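Bear in mind the structure is a predicted one, so any value in this text is a computation, not a measurement. Every chain is numbered from 1, with letters handed out A, B, ... down the list of sequences.
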2 protein chains.
Amino acid sequence: MARKLGTPPPAVTVDTIILTVGAGLTDLRVLLVRRGRAPFAGRWAIPGGFVEPGESLEQAARRELAEETAVTDLAYLEQLYTFGDPGRDPRGRVITVAYYALVPAAGIEPHAGDDAADARWFSMFDLPRLAFDHGRILDYALARLRAKMEYTTVGFGLLGEEFTLSELQSLYELILRRRLDKRNFRRRILAMGRLEPTGRSRMNGVHRPAGLYRFAREKGSTPKAARKRHEATRRK
Amino acid sequence: MARKLGTPPPAVTVDTIILTVGAGLTDLRVLLVRRGRAPFAGRWAIPGGFVEPGESLEQAARRELAEETAVTDLAYLEQLYTFGDPGRDPRGRVITVAYYALVPAAGIEPHAGDDAADARWFSMFDLPRLAFDHGRILDYALARLRAKMEYTTVGFGLLGEEFTLSELQSLYELILRRRLDKRNFRRRILAMGRLEPTGRSRMNGVHRPAGLYRFAREKGSTPKAARKRHEATRRK
DNA sequence: GCAAAAGTGTTTAATATACACCCATGA
DNA sequence: TCATGGGTGTATATTAAACACTTTTGC
């Protein structure tokens, strides 16, 4: 474990990709900060910073998130990958542990931090040229999110406390970039056993009101039992 | 990106979990090195070291591997996870980027490196107490390998150039720790379209000789086409 | 001819996909 | 009564799982 003399230690940053959805579920958005100084002055970048002595990598990611947004309830946070190619930062060796976070749709406003001259949301599907290798990191994050959406409930947290199944489906279609069949989607999503009807409903125009659901954080019952319960609820 | 004064930068190591299978496909093995000095002197640990200035993280993992074993053909290498909890190394902040590597079954002997007083293979299912949080890292690696075995061809590289389907099945059963149905296994594995018969066969006792296969590195044809081709081959 | 592993199909269950109409609402 | 999105079921195809006997070999 002895370190060779004369080789400066690499710098380590934790960068956090903060994702949310735009109002009306029309867009998947990522929070970027504009760099004030060289290199890449004026370019947009993923917010990040150094790890403080006493904190874990995940805590560093959470701190970043708190510094960049007024987010209170974080829906999801996961380590994405560690990027460490030499030359990815012209100033010297920088190793970046990337995390990605999902925050609910409610009107989150970015607030400019100490470092960040400016911070704002961008569409994940219409990104500016980014600093460093951050474009590649975002590609990687989107691929991971898509893969996980297929077989987990990660996506649920992007919506608020209560949501309709149509909203959830719009979210899936938005991120996966393909149309889903309404009936099959509802069946599959309810079969996961993590959604429970709140009993309330919401009207969103001149048509039948939509039932509201909430995400059951506790690991629900088995899919089969969940479906049965859902059918029973329906019969009432 | 400015760094606060007075906070020493964390050390970064790349640790590589080197996995292979024991002769006779009876065991999944991991290469560990015995620590010569404190902390955890005498305990076994995952081989690792610092990143050299000019190399990528993956290159560092490959270098480790070359230093610890006489491996020539590496079957698989993937970044696993980055561990950085404060306190995981009593000497100070150490962030470890873990990789895992699969090397073919052929008689790989570890050779003691500069740092490592001693290096040897251990069964993944009968591990000694490890230094640092390395036990947890191995758990994580095994979980990842198992998950990937279910839907990819990662495992194939653990066998040599040529192998029988029974050997491949033994490998899967060994790592997944459950019995598999022979017929279903062969069907599924051939349907992946990445295995081609070499035309040769091997005798391994007083019974019918087993056909040999090789791993087709090039992305083969579609599963359906592969099965058709297999059936056609069979008919000859 | 016997012991031992290699090699082969079919039946059934579970899961995924495709697809069209009625419902509740406010204007 | 109409326009709008909400809500439901069934038939078919695909995939996964269970299951047993014949073949080839050396002794």
Side-chain angles (χ1 to χ4, degrees), chain A residues 24-26 149-151 159 162-173 176 178-193 195-213 222-236, chain B residues 24-26 149-151 159 162-173 176 178-193 195-213 222-236:
Chain A
L25 299 178
T26 53
M149 296 265 295
E150 302 275 11
Y151 64 99
L159 300 177
E162 287 189 326
F163 48 86
T164 70
L165 293 184
S166 296
E167 286 166 354
L168 190 58
Q169 183 176 346
S170 295
L171 176 70
Y172 271 71
E173 291 180 336
L176 299 177
R178 61 189 165 91
R179 304 268 315 144
L180 302 171
D181 179 85
K182 195 184 358 176
R183 284 164 294 187
N184 294 339
F185 176 79
R186 289 158 111 94
R187 188 182 12 249
R188 253 189 327 139
I189 225 77
L190 289 169
M192 287 181 178
L195 244 35
E196 49 188 27
T198 65
R200 308 202 292 149
S201 62
R202 178 196 297 159
M203 272 201 33
N204 237 349
V206 187
H207 53 78
R208 180 171 175 175
L212 289 169
Y213 290 78
T222 69
K224 202 179 264 177
R227 195 183 315 184
K228 203 169 269 172
R229 194 182 48 207
H230 171 245
E231 280 162 0
T233 305
R234 211 161 37 76
R235 265 195 282 280
K236 279 175 200 165
Chain B
L25 300 178
T26 53
M149 295 265 296
E150 302 275 10
Y151 63 99
L159 299 176
E162 286 189 328
F163 48 86
T164 70
L165 293 183
S166 296
E167 287 166 354
L168 190 58
Q169 183 176 345
S170 295
L171 176 70
Y172 271 73
E173 291 179 337
L176 298 177
R178 61 189 164 91
R179 305 269 314 146
L180 301 172
D181 178 85
K182 193 179 6 168
R183 284 164 293 188
N184 293 339
F185 176 78
R186 289 158 110 95
R187 188 180 14 246
R188 253 191 326 142
I189 224 78
L190 290 170
M192 287 180 179
L195 243 36
E196 50 187 28
T198 64
R200 308 201 295 151
S201 61
R202 178 195 296 159
M203 273 199 34
N204 236 349
V206 187
H207 53 79
R208 179 170 177 175
L212 289 169
Y213 289 78
T222 69
K224 203 179 263 178
R227 194 184 314 184
K228 205 168 269 171
R229 195 181 47 207
H230 171 245
E231 279 162 1
T233 304
R234 211 162 36 76
R235 265 195 281 280
K236 279 175 200 165

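Contacts of A/R208 classified as salt bridge (charged side-chain N to carboxylate O under 4.0 Å, His left out), with partners at least two apart in sequence or in another chain: none. Every residue two or more places apart in sequence or in another chain that forms a side-chain contact (heavy atoms from CB on, under 4.5 Å) with A/R179 is listed here: A/E173. Every residue was checked against the side-chain hydrogen bond (donor to acceptor under 3.5 Å, both in side chains) condition with B/T26, not counting sequence neighbours, and none meets it. Under the salt bridge (charged side-chain N to carboxylate O under 4.0 Å, His left out) criterion, A/R200 pairs with A/E162, sequence neighbours left out. Every residue meeting the side-chain contact (heavy atoms from CB on, under 4.5 Å) condition with B/S201, not counting sequence neighbours, appears here in chain and number order: B/P209. Partners of B/R188 according to the salt bridge (charged side-chain N to carboxylate O under 4.0 Å, His left out) rule, which considers only residues two or more places apart in sequence or in another chain, do not exist here. Scored by the side-chain contact (heavy atoms from CB on, under 4.5 Å) test, A/S170 finds A/L25 as partners (sequence neighbours excluded).
Checking side-chain atoms of B/Q169 against main-chain N and O of B/L180 turns up a donor-acceptor pair under 3.5 Å.
At the heavy-atom level, A/R188 lies nowhere under 4.0 Å from the strands shown.
Straight-line distance from the OH atom of A/Y151 to the C1' atom of C/dT15: 19 Å, rounded to whole Å. The distance from atom CZ of B/R178 to atom C1' of D/dA17 is 12 Å, rounded to the nearest whole Å. Remark: C1' of D/dG7 and CG of A/L165 are 9 Å apart, rounded to the nearest angstrom. Rounded to whole Å, atom C1' of C/dA16 lies 13 Å from atom CD of A/E150. In this structure, A/R186 atom CZ and C/dC23 atom C1' are separated by 12 Å, rounded to whole Å. Regarding A/L180, its CG atom lies at a distance of 14 Å from the P atom of C/dA16, rounded to whole Å. A/R179 has its CZ atom 12 Å from the P atom of D/dG5, to the nearest Å.
Aromatic ring centroids of B/F185 and B/Y172 lie under 6.0 Å apart.
At a non-hydrogen distance threshold of 4.0 Å, nothing from residues 166-173 of chain A comes into contact with DNA chain C.
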5' to 3', nucleotides 19-27 of chain D under a 4.0 Å protein heavy-atom cut-off (B base, S sugar-phosphate only, - none) gives BB--BBBB-
